[in-house]
Structure formats: C-alpha cells, structure tokens
Amino acid sequence: MPELAPIVNAWFERNARPLPWRAPGFGAWGVLVSEFMLQQTPVERVVPRLQEWLERWPTPADLAAAPPADAVRLWANLGYPRRALWLHRAAVEIRDRHDGRVPRDVDALLALTGVGDYTARAVAVFAYGDHHPVVDTNTRRVLARAVDGRAQPGPPARRDLAAMALQLPAEHDAAARFNAAAMELGAVVCTARAPRCDACPLAAVCAWRNAGYPDTGDTRRRQARYEGSDRQARGAVLRVLREAPEHAAALDQVVPDWPDPRQRDRAIDSLIADGLAEASGGMLRLPR
DNA sequence: AACTCGTGGTT
DNA sequence: TAACCAAGAGT
C-alpha cells in the first residue's frame with residue numbers, strides 16, 4: 001500500500017470545494033461554529049446559516065451575551081437543536097474559562113459542551129494547523145475501503161483515530177490538508193451509496209476495488225424510523241416555539257391536534273428536561 | 001455499548 | 001414508498 005496522503009492531497013488541490021471555512025483567515029470561532037453545524041447536517045444546508053450566525057455573533061462573547069432562545073431560533077431547521085444550546089454553552093465556557101478565545105489544546109476543546117473527538121481535533125487542525133488525526137464518517141469510509149478492503153466502515157471506534165494517525169504525513173501543513181482531503185474525497189467521490197471510482201485518485205490502489213468490490217457486510221446501526229417518533233413530536237413542538245409571537249405559546253395550543261397526546265406531553269417534558277423549553281404560568285417558551 | 005437526538009433530500 | 005444518508009455527541 002503506497003502512501004495515501006500525497007495522492008489524495010494532489011487530488012484535493014484541484015478539487016476542493018470553495019467552502020467558507022476554508023477561506024484564509026476564517027478564524028477559530030467560525031471553524032468551531034461550522035463544525036457544530038456540520039454535525040450530522042449536510043454542507044449545503046449549513047453554509048447560509050453559518051453566515052447569518054457569524055454576522056450576528058462575531059465572537060464567542062457576543063453569543064454568550066445573548067439568550068439561549070436566540071441561538072435556538074437562529075438555528076432554525078438545521079436539526080438536532082440541542083446543538084444550538086450546546087454551542088451557546090460552549091461560548092459561555094470560552095468566555096469564562098478561556099478569556100473569550102477558542103482554545104487550541106485538544107483536551108481543553110474536549111471539555112467544552114458539545115465538543116467530542118471529531119470536533120475537538122477538527123478545530124485544532126483546521127483553525128490552528130496542529131498535528132492530529134481528524135476522523136469523521138467520510139474519512140472512516142475512505143480508510144475502510146482503500147486500506148481495509150471493506151465496503152462500509154464499522155461503527156465509530158477509538159481505533160479509527162490510530163488508523164488515521166498512521167496515514168498522516170509528519171509535516172503539519174500536509175497532515176492538516178490530508179485530514180481535509182480525506183473528508184472531501186469521502187464526501188464527493190467515495191460516497192456511501194454510489195461511489196464514483198472512475199473519478200477517484202485512489203482507484204488503482206484501493207483494496208476494496210482491487211478485491212472486486214466484495215460485499216463485506218454492513219455492521220453499522222440502522223437509523224430509527226422518524227415518522228411517528230418522539231423526535232418528530234419534539235421537532236413539531238420546538239417549531240411552534242421558534243415561530244411563536246413573543247417566543248411563547250399557551251401549553252394547550254402547542255400542536256393540540258398531535259395524533260398521540262401522551263407523546264406530545266412526553267415531548268414537552270423531555271424538551272424542558274433538556275433545557276430547550278421552559279414552562280411557566282401555562283405558557284411554554286424557548287430558554288432565556 | 002447501545003440508544004437517543006431533527007430535518008430534508010435522494011433512491 | 002420506506003429506507004437511506006448527512007463533517008457526531010452525550011448518556
């Protein structure tokens with residue numbers, strides 16, 4: 001197996017999409033916000049919201065000074081609205097513990113609310129140029145196919161970080177580029193469903209392709225059904241709160257015709273427990 | 001370790 | 001059309 005990084009980096013140099021967070025001088029705060037938004041939300045849907053967010057809150061302190069409700073509202077339909085709440089908490093933590101500057105140290109980043117293995121290293125690498133493996137679902141799929149000869153990656157595991165570390169060039173800039181390049185390759189060429197091997201720079205060396213595309217099985221956990229789920233009910237409740245005049249709605253007017261009233265009540269209770277809603281005087285509102 | 005947590009486009 | 005998929009994290 002030849003070194004992958006020089007091959008993928010050469011491809012990336014000519015094929016990288018001009019995404020906002022790749023612009024020179026985009027800033028660590030912008031990178032952090034983008035990574036929060038990109039957790040399980042497609043790139044095309046993130047771009048316009050990211051711009052709005054950074055115009056409104058150019059620094060962590062700006063966001064920390066706003067009520068969480070504003071963050072949840074501007075999050076709009078990006079999905080998983082708890083991320084908006086967590087990003088707000090992270091901004092408070094950055095203001096209070098890091099003098100308002102996004103930390104560079106991976107352990108300090110990991111200590112922020114809503115920042116895990118992926119986001120912490122993504123910030124350290126893409127915002128600060130440090131030398132760490134950044135592993136997202138795209139990178140895991142590229143390595144599973146090109147290196148391990150598997151059709152699909154297994155469930156996320158800590159050893160993924162070690163596997164990526166083995167592929168990183170020693171030089172920091174090249175390593176940072178390879179982290180981004182592997183993600184890009186997985187996002188636009190080595191895709192989950194219909195990989196475009198004819199356009200892949202790794203086609204000649206890919207273990208999965210060279211083995212004749214064997215069906216190696218798929219051990220990934222299947223996604224739960226959304227229709228009729230608690231998540232759907234929560235989403236409906238929160239949409240009402242986001243769009244409510246004065247940001248509050250009478251409790252008995254929150255999705256009153258939901259098919260399962262007990263599920264509706266359960267959704268409201270869980271949103272309150274998560275800090276995404278507050279109840280008082282028969283009214284439900286976003287958190288202040 | 002398995003489960004939960006949104007939303008919308010694609011197949 | 002039901003299922004799949006999308007720069008994950010917390011519990």
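To find a chain, count down the sequence lines: A is the first, B the second, and so on, and within it residues start at 1.
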Exercise. Are any non-hydrogen side-chain atoms of A/W258 and A/V237 less than 4.5 angstrom apart?
Worked result: no
Exercise. Looking at DNA chain C, which of residues 47-60 of chain A put a heavy atom within less than 4.0 Å of it?
Worked result: none
Exercise. Listed by chain and number, what are the side chain to side chain contact (heavy atoms under 4.5 Å, CB included) partners of A/E227, not counting sequence neighbours?
Worked result: A/R225, A/Q232
Exercise. Roughly how far apart, to the nearest Å, are C/dA7 and B/dT4 at atom P?
Worked result: 23 Å
Seminar exercise, completed: On DNA chain C, more 5' by nearest nucleotide between A/T137 and A/D218 is A/D218
For this session: Provide the full list of side chain to side chain donor-acceptor pair (under 3.5 Å) pairs with a residue in residues 4-15 of chain A, sequence neighbours left out, each pair given once.
Result: none
Exercise. With nearest nucleotides of DNA chain C determined for A/R225 and A/E44 from heavy-atom distances, which residue corresponds to the more 5′ nucleotide?
Worked result: A/R225
Exercise. Does the side chain of A/R49 come under 3.5 Å of the side chain of A/T41 through a donor N or O and an acceptor N or O?
Worked result: no
Exercise. Is there a residue in residues 150-161 of chain A whose heavy atoms reach under 4.0 Å of DNA chain B, and which residues are they?
Worked result: none
For this session: Shoot me the first and last contacting nucleotide of DNA chain C against chain A, ordered 5' to 3', at under 4.0 angstrom to non-hydrogen atoms.
Result: C/dA3 to C/dG10
Exercise. For atom C1', what is the distance between B/dG8 and C/dT1, given to the nearest Å?
Worked result: 16 Å
Exercise. Judged by modelled atom types alone, do A/Q39 and A/Y118 share a side-chain donor-acceptor pair under 3.5 Å?
Worked result: no
Problem set entry | A/W86 side chain vs A/F36 backbone, donor-acceptor pair below 3.5 Å | no
For this session: Determine which pairs satisfy side chain to side chain donor-acceptor pair (under 3.5 Å) with at least one residue from residues 102-114 of chain A, sequence neighbours left out, and list them in order.
Result: A/E93-A/T113, A/R104-A/D130
Problem set entry | Backbone of A/A122 reached by a side-chain donor or acceptor of A/H132 within 3.5 Å | no
Exercise. How would you label the contact of A/A122 with the nucleic acid (heavy atoms, under 4.0 Å): base, sugar-phosphate, or nothing?
Worked result: nothing
For this session: Would you classify A/S229 as touching base, sugar-phosphate or nothing, given that sugar-phosphate means primed atoms plus P, OP1 and OP2, and contacts are heavy atoms under 4.0 Å?
Result: nothing
Problem set entry | Under 4.5 Å side-chain linkage, directly or through intermediates, the cluster mates of A/V106 | A/L110
For this session: Scan for side chain to side chain donor-acceptor pair (under 3.5 Å) pairs involving residues 58-82 of chain A, sequence neighbours excluded, and state none if there are none.
Result: A/R56-A/D70, A/T59-A/D62, A/D70-A/R73, A/R73-A/H247, A/Y80-A/R231, A/R82-A/D274
Exercise. Would you say A/E3 has more than 12 foreign heavy atoms packed within less than 6.0 Å of its CD?
Worked result: no
List the atom pairs, with distances to 0.1 Å, where a side-chain N or O of residues 280-288 of chain A and a protein N or O form a donor-acceptor pair under 3.5 Å, not counting sequence neighbours.
none

Exercise. Who else is in the cluster with A/L166 when I, L, V, M, F, W and Y are joined by side-chain contacts under 4.5 Å?
Worked result: none
For this session: Look at all strands and tell whether A/V134 reaches a base, only sugar-phosphate, or nothing, counting heavy atoms closer than 4.0 Å.
Result: nothing
Exercise. Looking at DNA chain B, which of residues 18-25 of chain A put a heavy atom within less than 4.0 Å of it?
Worked result: none
For this session: Give the B/S/- string for nucleotides 5-11 of chain B, one per nucleotide from 5' to 3', where a protein heavy atom under 4.0 Å of the base yields B, of only the sugar-phosphate yields S, and otherwise -.
Result: BBBBBBS
Exercise. Quick one: do A/D117 and A/R121 make a salt bridge, cutoff under 4.0 Å?
Worked result: yes
Exercise. So what does A/R121 hit on the nucleic acid, given a heavy-atom distance under 4.0 Å: a base, only sugar-phosphate, or nothing?
Worked result: nothing
Problem set entry | Contact check, side chains of A/R145 and A/C190, non-hydrogen atoms, under 4.5 Å | yes
Exercise. Roughly how far, to the nearest 0.5 Å, is the CG atom of A/L32 from the CG atom of A/L109?
Worked result: 7.5 Å
